[in-house]
Amino acid sequence: MMFDPTVFDNLKVVLEGAIYDYDLNGHIEVIDRKDLVDLATLKREYNISIKTISERNTPYCKMTLTMDLENISSELLKRENAQPGCAVFIEFTTEVNDYVTECEKILQILTRIWGTNRLITQHISFIYNQEKIKFLHNTSKIQFNHLIGEEHVEDLVEMVDYIINTLDDLNSF
């Protein structure tokens, strides 16, 4: 009997291929990658972190693809009328000095590239108890309001272009 890959497996391969194509051409660098199975919740998760080629450590992006138990089981059990899919989360991290003005610029960049119908949140963090705060970390998260399936493969590949454009714009200010 042949192994029939899940939606998660197929989308992961497409995403990884699209990202590594850019890595091979020298435009980005893959800085981390994880392929996880959470046995407590029976969830699959794949995340890959990239940055553009530069001397700076930030900005970088972590893209996460997840499939929960409900979607995995409905696909494997071939439930009638089931449309299993994966959730996608995109997270950009960069350093900021003046969070009041720079967070607004980051929001403008993200809204211009990703649109207004996405949930965009920003979180600021810093290392506590430093004599002088040298820099703040801004983590901006983009959430999508629907699951993606194999019919969204083109959209997933296009997201990689959006990520690279966002990294380029975040690098420029």
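Any value given below was found using the heavy atoms of this structure, including those in side chains, with hydrogens, waters and symmetry copies removed. Predicted model only: the values in this text are computed from it and were never measured.
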**Asked** What residues form a side-chain contact (heavy atoms from CB on, under 4.5 Å) with E29, not counting sequence neighbours?
**Response** D23, I31, K51, I53
**Item:** Heavy-atom closest pair, residues K34 and D32
**Value:** NZ-OD2, 2.8 Å
**Message:** Any side-chain to backbone donor/acceptor pair from E102 onto N97? Under 3.5 Å, distance only.
**Reply:** yes
**Item:** Set of side-chain contact (heavy atoms from CB on, under 4.5 Å) partners for H137, sequence neighbours left out
**Value:** T93, E95, S125, F135
**Asked** Can N138 and T94 be counted as having a side-chain donor-acceptor contact under 3.5 angstrom?
**Response** no
**Asked** Taking only residues two or more places apart in sequence or in another chain, which ones pass side-chain contact (heavy atoms from CB on, under 4.5 Å) with L119?
**Response** T121, Q143
**Message:** Quiz question: by atom type and distance under 3.5 Å, do the side chains of T101 and D98 form a donor-acceptor pair?
**Reply:** yes
**Prompt:** Would you say N47's side chain and M63's backbone share a donor-acceptor pair under 3.5 angstrom?
**Reply:** no
**Request:** Mind telling me whether H152 and H146 have parallel, tilted or perpendicular rings, with 30° and 60° as the class edges?
**Result:** tilted
**Item:** salt bridge (charged side-chain N to carboxylate O under 4.0 Å, His left out) pairs, two or more places apart, involving residues 104-119
**Value:** R112-D169
**Prompt:** Is the CZ atom of F144 crowded by more than 12 outside heavy atoms at less than 6.0 Å?
**Reply:** yes
**Least distance between heavy atoms, F89 atom then T66 atom** = CE1-OG1, 3.9 Å
**Asked** Can we say D35 and K12 salt-bridge, meaning some charged N sits less than 4.0 Å from an Asp/Glu carboxylate O?
**Response** yes
**Item:** Point-to-point distance, once rounded to the nearest 0.5 Å, from CD1 of I164 to CD1 of I19
**Value:** 8.0 Å
**Asked** Among the clusters formed by ILVMFWY side chains lying less than 4.5 Å apart, do V7 and L147 turn up in the same one?
**Response** no
**Asked** If you count the non-hydrogen atoms of other residues, nucleotides and ligands that lie under 6.0 Å from CD in Q83, is the total more than 12?
**Response** no
**Request:** State yes or no: do I90 and V14 share one hydrophobic cluster built from I, L, V, M, F, W and Y residues joined by side-chain heavy-atom distances below 4.5 Å, directly or via other members?
**Result:** yes
**Residue pairs, two or more places apart or on separate chains, that pass ring pair (Phe, Tyr, Trp, His ring centres under 6.0 Å) and touch residues 18-66** = none
**Asked** So which of T139, L110, I109 actually passes side-chain contact (heavy atoms from CB on, under 4.5 Å) with F92?
**Response** L110
**Message:** Counting neighbours of CD on E151 that are heavy atoms of other residues, nucleotides or ligands and sit closer than 6.0 Å, is the number greater than 12?
**Reply:** yes
**Message:** Can you list everything that forms a side-chain contact (heavy atoms from CB on, under 4.5 Å) with E70? Sequence neighbours excluded, please.
**Reply:** D68
**Prompt:** Under 4.5 Å between side-chain heavy atoms, hopping through other hydrophobics if needed: is there a path connecting L107 to V100?
**Reply:** yes
